[in-house]
There are 4 protein chains.
Amino acid sequence: MGAMRTKNVADEVTRAALELFSTRGYANTSVQQIVEAAGVTKGAMYHYFTSKDDLLFAIYERMLSLQKSRLDEITARGGPAEEVLRAVCVDVMETSIEFLPEGTVFFRSVHMLSEDRQKEVTRRRREYNDQFAAIVERGQASGVFRDDVPMAVLIAHFFSDVHYLSHWYRPEGPETKTEVAQQVTDLFLRSIRKET
Amino acid sequence: MGAMRTKNVADEVTRAALELFSTRGYANTSVQQIVEAAGVTKGAMYHYFTSKDDLLFAIYERMLSLQKSRLDEITARGGPAEEVLRAVCVDVMETSIEFLPEGTVFFRSVHMLSEDRQKEVTRRRREYNDQFAAIVERGQASGVFRDDVPMAVLIAHFFSDVHYLSHWYRPEGPETKTEVAQQVTDLFLRSIRKET
Amino acid sequence: MGAMRTKNVADEVTRAALELFSTRGYANTSVQQIVEAAGVTKGAMYHYFTSKDDLLFAIYERMLSLQKSRLDEITARGGPAEEVLRAVCVDVMETSIEFLPEGTVFFRSVHMLSEDRQKEVTRRRREYNDQFAAIVERGQASGVFRDDVPMAVLIAHFFSDVHYLSHWYRPEGPETKTEVAQQVTDLFLRSIRKET
Amino acid sequence: MGAMRTKNVADEVTRAALELFSTRGYANTSVQQIVEAAGVTKGAMYHYFTSKDDLLFAIYERMLSLQKSRLDEITARGGPAEEVLRAVCVDVMETSIEFLPEGTVFFRSVHMLSEDRQKEVTRRRREYNDQFAAIVERGQASGVFRDDVPMAVLIAHFFSDVHYLSHWYRPEGPETKTEVAQQVTDLFLRSIRKET
DNA sequence: TATGAATGAGTTTTCATTCAT
DNA sequence: TATGAATGAAAACTCATTCAT
C-alpha cells in the first residue's frame with residue numbers, strides 16, 4: 001500500500017524532455033515529441049510548464065541547485081585547502097558523470113534559454129566559480145598552490161574537464177566514474193601544486 | 001584583371017552565417033536573417049549552398065581542414081616528443097582563440113548537422129585525436145610522459161581546454177592569446193610529465 | 001441572520017467579467033483571468049454559468065431588463081408625447097452613463113454571442129425600439145413632431161447618441177451625466193420638433 | 001489583352017478579411033478562413049502581412065486615409081461655414097454607407113488592434129475631429145451655430161450617426177444612401193443652428 | 001547567376017470546457 | 001457546492017526550400 005500508482009505528469013515530462021534534449025538537442029525536439037514520450041497530453045504539460053523554455057530551465061535549475069548544495073556541503077566540512085579542493089573536484093566529476101545527460105543539455109543549450117534565464121544561469125555559475133576560487137586562493141595563501149597563473153585560467157582549466165565529460169565519457173566504456181574522477185583530479189592538482 | 005570588384009556571395013554568406021550562428025545559435029538563426037546580414041538574396045544563397053545545413057558544415061569543414069593542416073605541418077618538423085607536443089598544444093590554443101566564433105559553433109552545434117555529416121565530423125576529429133595521441137605515445141615510450149593514466153583521459157584533459165575556450169576567454173580581457181596558450185600548455189604538460 | 005458573509009460567487013464573477021470585457025474585450029479575456037479577478041475557481045464559475053458566452057449574455061440580460069423596465073415605468077406615467085419622450089431620452093442617457101462599462105460591452109460584443117442569443121437580443125431591442133417609436137408616432141399624430149423623415153432614421157438618430165456614449169464620454173471629464181443627458185436630448189428634440 | 005489576369009494576393013486577402021471581419025467579427029475569424037476565402041496559402045499571406053493584426057490595421061489605414069482626404073478636399077473648396085459643414089456631413093454619411101463593412105469593422109474592433117496601433121488610430125481620428133470642430137467654430141464665430149452646448153457634445157452628436165450606420169442601415173432597405181445622408185444632415189444642422 | 005513570391009508542413013501555445021473527487 | 005488537473009481542438013505564426021522568370 002502507499003505505492004505511487006500514478007506517475008506524476010511533471011516528472012514524466014521532465015524525464016522525457018531530458019532524454020530527448022540530450023540525444024536530439026533542444027531545437028530538434030518538438031513539444032509534441034516530448035508529450036508523446038511522456039505519455040501525456042500537450043494540455044497537461046502546459047498545465048505544469050509555461051513553455052518549452054520553462055522545461056529546459058527546469059533542467060538547469062536542478063543541476064545548479066545540486067552542484068551548489070554539494071559544494072556547500074563539502075566546504076562546510078572544512079580542512080586543508082588541498083584536501084578540500086580534491087574532495088570538491090572528485091565530487092564534481094562523479095556527480096557530472098552520474099548526470100551526464102543533464103550535463104549534455106547544460107553546456108549545449110544555454111543559448112536557447114530566454115535572455116533573462118541565461119542571465120540567471122550565468123549569475124549562479126559565477127557564484128559557484130567564486131566559491132571554488134576561494135578554495136584555490138586559500139591554498140595559494142598557504143603556499144600549496146602556485147600563484148603565477150591567473151585564477152581565471154586555473155578555474156577554466158578544471159571546469160573544462162567537467163564540461164567536456166559529455167563529449168567523450170561513455171558509462172559503458174572501460175573507465176569507471178570513480179577512476180576518471182580520481183585521474184582527472186590528480187592531473188589537475190598536479191598542475192596547480194606549487195613545485196618544491 | 002584580378003581585381004575582385006564584387007564581394008563574393010559565398011564568402012559574404014559564410015561570414016554572416018558564422019557571426020549569427022555564434023551569437024544567436026544555429027537554430028535561432030533563420031536563412032532570411034543570414035541573407036539579409038550578408039546583403040544577398042535567398043535565391044543567390046541557395047545557388048551556392050544546398051541547404052542551411054550545408055552552410056553549417058562549411059564552417060566545420062574549414063575548421064577541420066585548418067586544424068589538420070597545422071598539426072601535419074608541426075609534426076612534419078619533427079623533434080623530441082615533448083617539444084613537438086608543446087608546439088602542437090600552443091598552436092591549437094592560439095588558433096582556437098583566433099577562431100573563437102568558429103569554435104563556439106563547432107562545439108555547440110554538431111548535433112544540428114545531418115547524421116551523415118555528424119559522422120564525417122566525428123571521423124575527422126578521431127583522425128586528429130589519433131595523430132595527437134601518437135605524439136603522446138612516443139613521449140611515453142621515451143619515458144618523458146607518464147603512462148599510468150588512460151590515453152583517453154589524457155587526450156580529453158587537453159582538448160577540454162581547447163573546447164572550453166569559447167566559454168570563458170574574451171579577447172578584450174586581460175590575458176593575451178599567447179599568454180593563455182602558454183599557461184594552459186604548461187599546466188597540461190606539467191600534469192602528464194613523468195615525475196622524476 | 002441577514003449578514004452576507006460570503007461574497008456571492010455569481011456576483012463576483014459577473015462583476016469581474018464586466019470589468020474585463022469592457023476594458024480588454026470579450027475575445028481578449030480568458031475564463032482564467034475572470035475567475036482570478038473574481039477570486040474564485042474555474043469549477044465554481046462553471047457551477048453558476050454554463051459557458052463564457054453565458055457570462056456575456058448575463059450582461060446583456062441585465063441591460064435589456066433594466067432599459068425595458070425604466071421605459072415601461074416612464075410611459076406608464078403618461079402625459080403629452082413630447083414630455084414623455086423628453087423624460088425617456090434623458091433617462092436613457094443618464095442610465096447609459098451610469099452603466100458605461102455595460103454599454104461598452106453591449107455595443108461591441110453582440111457578434112460574440114451565440115446565434116440564438118444574438119437573435120434574442122435583437123428581438124428585445126426591436127421591442128424596445130417599437131415602444132420608443134410609438135411615443136414618437138403619438139407626437140406626430142398630435143402635430144408636435146415632424147413626419148417628413150422616415151421613422152427608422154429618427155430612431156437611429158437618437159439611439160446613435162446612446163450608443164456612442166462609451167466612445168467619447170468620460171465620467172472624469174468636464175460634463176456631468178445630467179448635463180450631457182439634457183444637452184443631447186435638447187439637440188434631438190429640436191431636430192424632430194415640427195417647425196412652426 | 002491587358003486585363004489583369006492575376007488577382008493580386010494582397011488585394012484578395014484584404015478583401016476576404018474585410019468580408020469576414022465585418023460579418024463574423026475579427027476574433028471569430030481565423031487566418032485559415034481568410035486565406036481559404038482568398039484562395040491563397042497561409043505562407044503567401046504572411047509574405048504580405050506580418051500578422052493578423054496587420055491585416056486589421058490595413059482596413060483602418062484605408063478608412064482613415066480616405067476620410068482625411070475627402071475632408072481636406074471639401075474644406076479646401078471654402079465657402080460659408082454652414083455650407084461647408086453640410087457638404088462635409090453629407091459626404092461622410094454617403095462615404096460611410098458606401099464603405100459599410102469597413103465601418104462595421106472600424107467601430108467594432110479597435111480594441112483588437114495592438115496598443116501602438118490603437119494609439120495611432122486615436123491620434124488620426126482626433127486630428128479629423130479637430131478639423132471638423134474648426135468648421136463648427138467658424139460657424140459659431142459668424143453667429144450661425146449655437147455655442148451654448150460644449151463642442152465635445154456637438155461633435156459626438158454628429159459622429160454618433162456616422163458610427164451607428166452599420167448598426168441599422170441596410171443598402172437593400174427603403175432609403176437610399178443619398179436620402180439618408182441628407183436627412184441625417186438636416187436633423188443635425190437643425191439642432192445646432194442658432195435659433196432666430 | 002540571381003530574384004523573391006509562394007509553398008506547406010511544422011512549430012509553440014492557448015483556452016473553453018469537462019470530470020473525478 | 002467546489003476543486004483544479006486534464007483534455008483536445010484550434011489558434012497564429014515560422015521557415016527552409018522551390019521555382020517560374
Side-chain angles (χ1 to χ4, degrees), chain A residues 6 8-10 13 26-35 38-56, chain B residues 6 8-10 13 26-36 39-56 112 114, chain C residues 6 8-10 13 26-36 39-56 112 114, chain D residues 6 8-10 13 26-35 38-56:
Chain A
T6 58
N8 186 284
V9 169
V13 169
Y26 178 80
N28 285 332
T29 302
S30 71
V31 170
Q32 189 57 44
Q33 290 170 326
I34 296 170
V35 298
V40 307
T41 61
K42 236 183 266 191
M45 189 216 99
Y46 275 100
H47 190 72
Y48 292 97
F49 300 92
T50 65
S51 63
K52 193 184 167 190
D53 180 275
D54 201 31
L55 214 37
L56 179 57
Chain B
T6 58
N8 188 286
V9 170
V13 170
Y26 178 79
N28 287 331
T29 302
S30 71
V31 170
Q32 189 58 44
Q33 289 171 323
I34 297 169
V35 298
E36 267 165 28
V40 306
T41 63
K42 239 187 254 195
M45 189 216 98
Y46 273 98
H47 190 76
Y48 292 97
F49 299 92
T50 67
S51 63
K52 191 184 168 190
D53 180 275
D54 203 30
L55 215 37
L56 179 57
M112 302 302 288
S114 76
Chain C
T6 58
N8 188 285
V9 169
V13 169
Y26 178 79
N28 287 332
T29 303
S30 72
V31 170
Q32 190 57 45
Q33 290 172 323
I34 296 169
V35 297
E36 268 165 27
V40 306
T41 63
K42 239 186 255 194
M45 188 215 100
Y46 273 98
H47 190 75
Y48 292 97
F49 299 92
T50 66
S51 64
K52 192 184 169 190
D53 179 274
D54 202 30
L55 215 38
L56 179 57
M112 302 302 287
S114 75
Chain D
T6 59
N8 186 282
V9 169
V13 169
Y26 178 79
N28 285 330
T29 302
S30 72
V31 170
Q32 189 57 46
Q33 290 170 325
I34 296 170
V35 299
V40 306
T41 63
K42 230 184 269 192
M45 189 217 99
Y46 275 101
H47 190 73
Y48 292 96
F49 299 92
T50 66
S51 62
K52 193 185 166 190
D53 180 276
D54 203 30
L55 214 37
L56 180 56

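Reminder, nothing fancy here: chain letters follow the sequence lines and each chain counts from 1.
- By the side-chain contact (heavy atoms from CB on, under 4.5 Å) test, A:S51 is found to be paired with A:D53, A:D54, residues two or more places apart in sequence or in another chain being considered.
- For E:dA6, the OP1/OP2 oxygens have no side-chain nitrogen or oxygen of D:T41 closer than 4.0 Å.
- Out of F:dT17, E:dT17, E:dA6, the shortest distance to the side chain of C:K52 is found at E:dT17.
- For D:N28 and E:dC15, the CG to C1' distance is 14 Å, given to the nearest whole Å.
- A residue-by-residue look at C:A44 and A:Y48 shows that C:A44 has its nearest nucleotide of DNA chain F further toward the 5' end.
- Atom OH in A:Y48 sits 6.0 Å away from atom CG in A:N8 (nearest 0.5 Å).
- Taking OG1 from B:T41 and CD from B:E36, the interatomic distance works out to 11.5 Å, rounded to the nearest 0.5 Å.
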For nucleotides 19-21 of chain E, give me every protein contact, N/O to N/O, under 3.5 Å, one pair per line with atom names.
none

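- The structure places CE of B:M112 at 8.5 Å from CG of B:L56, a figure rounded to the nearest 0.5 Å.
- Checking F:dA16, F:dA2, E:dA16 against the side-chain heavy atoms of B:V31 singles out F:dA16 as nearest.
- Fit an axis to the five pairs at each end of the helix from E:dA2-F:dT21 to E:dT21-F:dA2 and the two axes sit 10° apart, to the nearest 10 degrees.
- Looking at every heavy atom in both residues, C:Y26 comes nearest to C:K52 through O-NZ, 3.0 Å.
- Nucleotides F:dT21 and E:dT1 have their P atoms positioned 23 Å apart, rounded to a whole Å.
- An OP1 or OP2 oxygen of F:dA5 is reached within less than 4.0 angstrom by a side-chain nitrogen or oxygen of A:H47.
- Under the rule for a side-chain contact (heavy atoms from CB on, under 4.5 Å), the partners of C:Q33 that lie at least two apart in sequence or sit in another chain are C:L20, C:R24, C:T29, C:S30.
- Here F:dA12 presents its P atom at 14 Å from CG of D:D54, a figure rounded to the nearest Å.
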Between B:H47 and B:V9, does the side chain to side chain contact (heavy atoms under 4.5 Å, CB included) criterion hold? Intermediate values first, please.
CA-CA 10 Å; B:H47 190 76; B:V9 170; over 6 Å; no

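- For D:A38, the side-chain contact (heavy atoms from CB on, under 4.5 Å) test picks out D:E12, D:V13, D:A16, D:V40, with sequence neighbours left out.
- Rounded to whole Å, atom P of E:dA9 lies 12 Å from atom CD of D:Q32.
- In this structure, the nucleotide among E:dT11, F:dA2, F:dC15 sitting nearest to the side chain of B:S30 is F:dC15.
- The NZ-P distance, from D:K42 to E:dA6, rounds to 17 Å in whole Å.
- As judged by a 4.0 angstrom heavy-atom cut-off over every strand, A:T29 is placed among residues touching the sugar-phosphate backbone only.
- Contact annotation for D:F49: no contact, since no heavy-atom pair falls under 4.0 Å across all strands.
- As a whole-Å value, the separation of C:Y26 OH from E:dC15 P is 13 Å.
- Per the geometry, CG belonging to B:D53 stands 17 Å off P belonging to F:dC15, to the nearest Å.
- Between D:M45 atom CE and F:dC15 atom C1' there is a gap of 15 Å when expressed in whole angstrom units.
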